[in-house]
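It should be emphasised that the depicted structure is a prediction, and the values quoted were computed from it without experimental measurement. Quick note on labels: first sequence line is chain A, next is B, and so on, each numbered from 1. Heavy-atom basis, side chains included; hydrogens, waters and symmetry copies ignored.
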Amino acid sequence: MSSLKLYDTLSRTVSEFIPLQPGKASIYLCGATVQAPPHIGHIRSGVNFDILRRWLIKSGFDTTFIRNVTDIDDKILHKAVHEKAPWWAVALKYERAFTDAYTALNVLPPTYEPRATGHITQMIELIASLIERGHAYAPGNGDVYLEVRKLDSYLTLSNQNIDDLLPAQDADETFKRDVRDFALWKAAKAGDPFWPTPWGNGRPGWHIECSAMAFAYLGAEFDIHGGGLDLIFPHHENEIAQSEAAGYGFAKRWLHNAWVTASGEKMSKSLGNSLQVTELLKSVRGIELRWYLGSAHYRSMLEFSPAALEESAVGFRRIENFLLRATKILGSQPEPLLSADFVAAMNEDLAVPQALAGISEQLRLGNSAITENDKVAIASAASHIRGALEVLGCDPFDPAFVGGAQDESLTEALDGVINLVLAQRTAARDRKDFAASDQIRDGLIALGISIEDTAQGPRWSISRSEGSN
RNA sequence: GGUGGAAUGGCCGAGAGGCGAGGCAAGGGACUGCAAAUCCCUCUACACGGGUUCAAAUCCCGUUUCCACCUCCA
């Protein structure tokens, strides 16, 4: 069996994943700043890293996965003023929106999901240590800054030279020793939430929380740090700066997911609500949206369009349809298995698109096997497809996707009614009364129920209405 | 100005020196009372200009276009 290779943003190469502790994997993923509802770009990151996590687990690694919630920052405070609500109510509202979106797309809950505001103590301890070690300073205005020029490794992740950076528009040199120094702690402004510290009342800077929480849950060093491409600078550079200045080994490998783009450009607020997860879930199911977001390689841009999403969803339904038919023929759900091709593809830096080609091949074989009623071949194809879908988090038999709220007796009753109608249609066909049989079929289609005449008799399924409702 | 990324057939999308991934669409065929579903066949590409090589989509040099980051960002 091949071994897992992963990209590393720092070295810009793909290399074998060798964990710090054999058999274990530790991941820290920068989660959401909960100041707005999630759009699919946010959730793509969740899906991409969920696939990584599932693959690590499947590969036998005892995996600890941390994804934080940033529930205090400038934007949340601004939003609170705008929404005329307490900042913590705003943060919780959007945190729940993210949780709902993750759940809808079957993104596994992290091992631990720390909130920034729950780790102020750890941040203060870290800042105190940075001051003590001579890497940070409190100039007396209530802020605490990190002195970046003292660090040799600063900007190595983004491969930049500190003097080439464009000066910040709002740079304030009154208290900073260097314009590039960034705030670990910010003095409280009137009306802001604050926590008491030796340097005065204030709140954390944007970057310190991740360093503090990664240390709290994963220790001084861990295997993988993940996030979106745009976090490389400044967020991840600053995390590295803080953590290394504190003497931590920090992340051994960096993985960054690319964006979902629209019209070739990165998503932005100007696109409005159309790409919010809740909006898109009106036209496709969660499993279909996940299939779409997971289908591109995590380091490739994914160009969103409603047509592309719909095409992807149709493709998924084709696979799902095969699994349902196979299950009926076999009399039980296929046992998930992994094909060598799939394993090889996933081990090559999570080459999902290649893995998908293998699924297409299995699907073709499986459908042919149904035509030939070759149960051994049907079972093989179904098992390998299900095994792959399971790793991708798109197993149609996963309880996460089987709407638990559905009433079993209602489903049975519906099945009975439709079968009764189909029996009428079969009778009409037998007496060659095609006008009557077509009338029944058209009637069912109008109700959103599609009919397939298979070798095993007619089969019905609910076809989703397309596009906007 | 600095730092990255990208350009592949009608469309989407992998690959990274030689055997042309895969999907969608389209056309043809099989099956069907007609459909649907399914299967088979067809269509065959690597932005541009040079170079290296027996062999380049892949390596090198140059050019063009696009995207992103440079202290809010998934």
Side-chain angles (χ1 to χ4, degrees), chain A residues 9 12 29-33 35-36 38-49 73-75 78 98 148 155 157-171 179-183 205-207 226-235 237-238 256-261 263-269 295-297 299-303 305 307-308 310-312 314-315 318 321-322 325 341 345 348 351-361 363-372 429 432-435 437-438 441-442 445 450-455 458-459 461 463:
Chain A
T9 306
R12 297 180 197 283
L29 172 65
C30 285
T33 299
Q35 46 93 16
H39 60 60
I40 51 172
H42 298 120
I43 294 302
R44 181 194 184 181
S45 182
V47 168
N48 283 159
F49 282 96
D73 94 317
D74 291 352
K75 284 179 128 178
H78 290 152
F98 269 85
V148 294
L155 302 183
L157 186 66
S158 58
N159 193 26
Q160 295 179 101
N161 187 312
I162 195 164
D163 294 309
D164 290 337
L165 296 182
L166 291 177
Q169 311 90 321
D170 58 349
V179 230
R180 328 288 181 186
D181 290 352
F182 62 90
W206 177 39
H207 315 289
L229 262 183
D230 42 3
L231 294 181
I232 293 175
F233 185 87
H235 186 53
E237 290 289 8
N238 289 355
H256 291 95
N257 65 276
W259 298 287
V260 180
T261 56
S263 305
E265 290 177 27
K266 182 182 172 182
M267 283 192 184
S268 67
K269 293 284 178 303
S295 63
H297 186 91
R299 285 193 281 123
S300 297
M301 301 288 174
L302 179 60
E303 170 67 18
S305 71
E310 179 59 22
E311 181 188 307
S312 171
V314 168
R318 206 169 154 250
N321 204 19
F322 164 71
R325 288 178 69 188
D341 284 354
E348 202 57 44
V352 174
Q354 274 186 74
L356 259 35
I359 293 176
S360 292
E361 171 71 5
L363 179 63
R364 193 177 60 75
L365 292 173
N367 277 323
S368 295
I370 286 180
T371 306
E372 288 153 27
R429 291 179 70 201
K432 306 249 190 273
D433 183 357
F434 298 123
S437 72
D438 286 354
R441 184 173 63 196
D442 292 345
I445 288 170
S450 57
I451 304 302
E452 288 168 40
D453 290 319
T454 73
R459 185 171 164 269
S461 57
S463 55

Could you run through nucleotides 28-34 of chain B and give me one letter per nucleotide, 5' to 3': B if any protein heavy atom sits under 4.0 Å from the base, S if only the sugar-phosphate is that close, - if neither?
-----BB
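For the pair Asn321(A) CG and U38(B) P, the computed distance is 7 Å after rounding to whole Å. Rounded to an integer number of Å, the gap from His235(A) NE2 to C72(B) P is 13 Å. Summarising the geometry, the separation between CG on Leu231(A) and P on A74(B) is reported as 6 Å, rounded to the nearest angstrom. Atom NE2 of His256(A) is separated from atom P of C69(B) by 14 Å (rounded to the nearest Å). In this structure, Phe233(A) places its CZ atom 18 Å from P of A68(B), rounding to the nearest Å. Rounding to whole angstrom units, CD of residue Glu452(A) and P of U38(B) are separated by 7 Å. What separates CG of Asp164(A) from C1' of G2(B) is a distance of 4 Å, to the nearest Å. Rounded to an integer number of Å, the gap from Glu361(A) CD to G22(B) C1' is 10 Å.
Base pairing of C69(B) is made with G2(B), judged by Watson-Crick or G-U wobble geometry with both donor-acceptor distances under 3.5 Å. The base-pairing partner of C46(B), taking Watson-Crick or G-U wobble contacts with both distances under 3.5 Å, does not exist among the strands shown. Using N1 to N3 plus N6-O4 or O6-N4 for Watson-Crick, or N1-O2 and O6-N3 for G-U wobble, each under 3.5 Å, C19(B) pairs with nothing. The pairing partner recorded for U58(B) is none, the criterion being a Watson-Crick or G-U wobble arrangement whose two distances lie under 3.5 angstrom.
Looking at the side chain of Ala357(A), the nearest of the listed nucleotides A21(B), C70(B), C39(B) is A21(B). Side-chain atoms of Arg364(A) lie closest to C40(B) of the nucleotides C40(B), C72(B), U38(B).
Using P as the reference atom, U63(B) and G22(B) are 37 Å apart when rounded to the nearest Å. Across C12(B) and U71(B), the matching C1' atoms stand 36 Å from one another, rounded to whole Å. For the P atoms, the distance from A56(B) to C46(B) is 14 Å, rounded to whole Å. Separating the P atom of C43(B) from that of G23(B) is a span of 15 Å, rounded to the nearest Å. One P atom belongs to U8(B), the other to U58(B), and the distance between them is 14 Å to the nearest Å. Nucleotides A57(B) and A7(B) place their P atoms 15 Å apart, quoted to the nearest Å. Atom name C1', nucleotides C11(B) and C48(B): the rounded distance is 23 Å, in whole Å. A21(B) and G17(B) have their P atoms separated by 14 Å, with the value rounded to a whole Å.
For the pair Ser312(A) (side chain) and Ala308(A) (backbone), a donor-acceptor distance under 3.5 Å is absent. Glu237(A) places a side-chain N or O within 3.5 Å of a backbone atom of Leu155(A) that can act as its donor or acceptor partner. Checked by atom type and distance alone, the side chain of Thr371(A) pairs as donor or acceptor with a backbone atom of Asn367(A) at under 3.5 Å.
Proximity of Asn159(A) to the phosphate of U3(B): no side-chain N or O atom is located under 4.0 Å from OP1 or OP2. For G2(B), neither phosphate oxygen OP1 nor OP2 lies less than 4.0 angstrom from any side-chain nitrogen or oxygen of Asn161(A).
At a threshold of 4.5 Å between non-hydrogen side-chain atoms, the residues Asn321(A) and Arg459(A) count as touching. Side-chain contact check for Thr9(A) versus Arg299(A): every heavy-atom pair is 4.5 Å or farther apart. At a threshold of 4.5 Å between non-hydrogen side-chain atoms, the residues Leu157(A) and His256(A) count as touching. When side chains are defined from C-beta on, Thr454(A) does not count as touching Ile370(A), because their heavy atoms never get closer than 4.5 Å.
Residue-level contact check: Gly315(A) touches neither bases nor backbone, having no heavy atom under 4.0 Å from any strand. Nucleic acid contact for Ile43(A): none, since no nucleic acid atom lies under 4.0 Å from a heavy atom of the residue. Residue contacts for Ser360(A): at a heavy-atom cut-off of 4.0 Å it reaches the sugar-phosphate backbone alone, with no base atom in range.
Val352(A) and Ser295(A) get closest at one heavy-atom pair: CG1-O, 4.0 Å. The shortest heavy-atom contact between Arg44(A) and Trp259(A) is NH1-O, 2.8 Å. The shortest non-hydrogen separation linking Ala355(A) to Ala345(A) is N-CB, 3.8 Å. Contact detail for Ser158(A) and Phe233(A): the closest heavy-atom pair is OG-CD1, 4.0 Å.
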Start with the C-alpha distance between Asn159(A) and Arg12(A), add both sets of side-chain angles, then the distance that settles side chain to side chain contact (heavy atoms under 4.5 Å, CB included), and finish with yes or no.
CA-CA 10 Å; Asn159(A) 193 26; Arg12(A) 297 180 197 283; 3.9 Å; yes
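A residue-by-residue look at Val148(A) and Gly41(A) shows that Val148(A) has its nearest nucleotide of RNA chain B further toward the 5' end.
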Protein and nucleotides 13-19 of chain B: nitrogen or oxygen contacts under 3.5 angstrom:
from: A14(B); atom 1: OP1; to: Ser300(A); atom 2: OG; distance (Å): 3.1

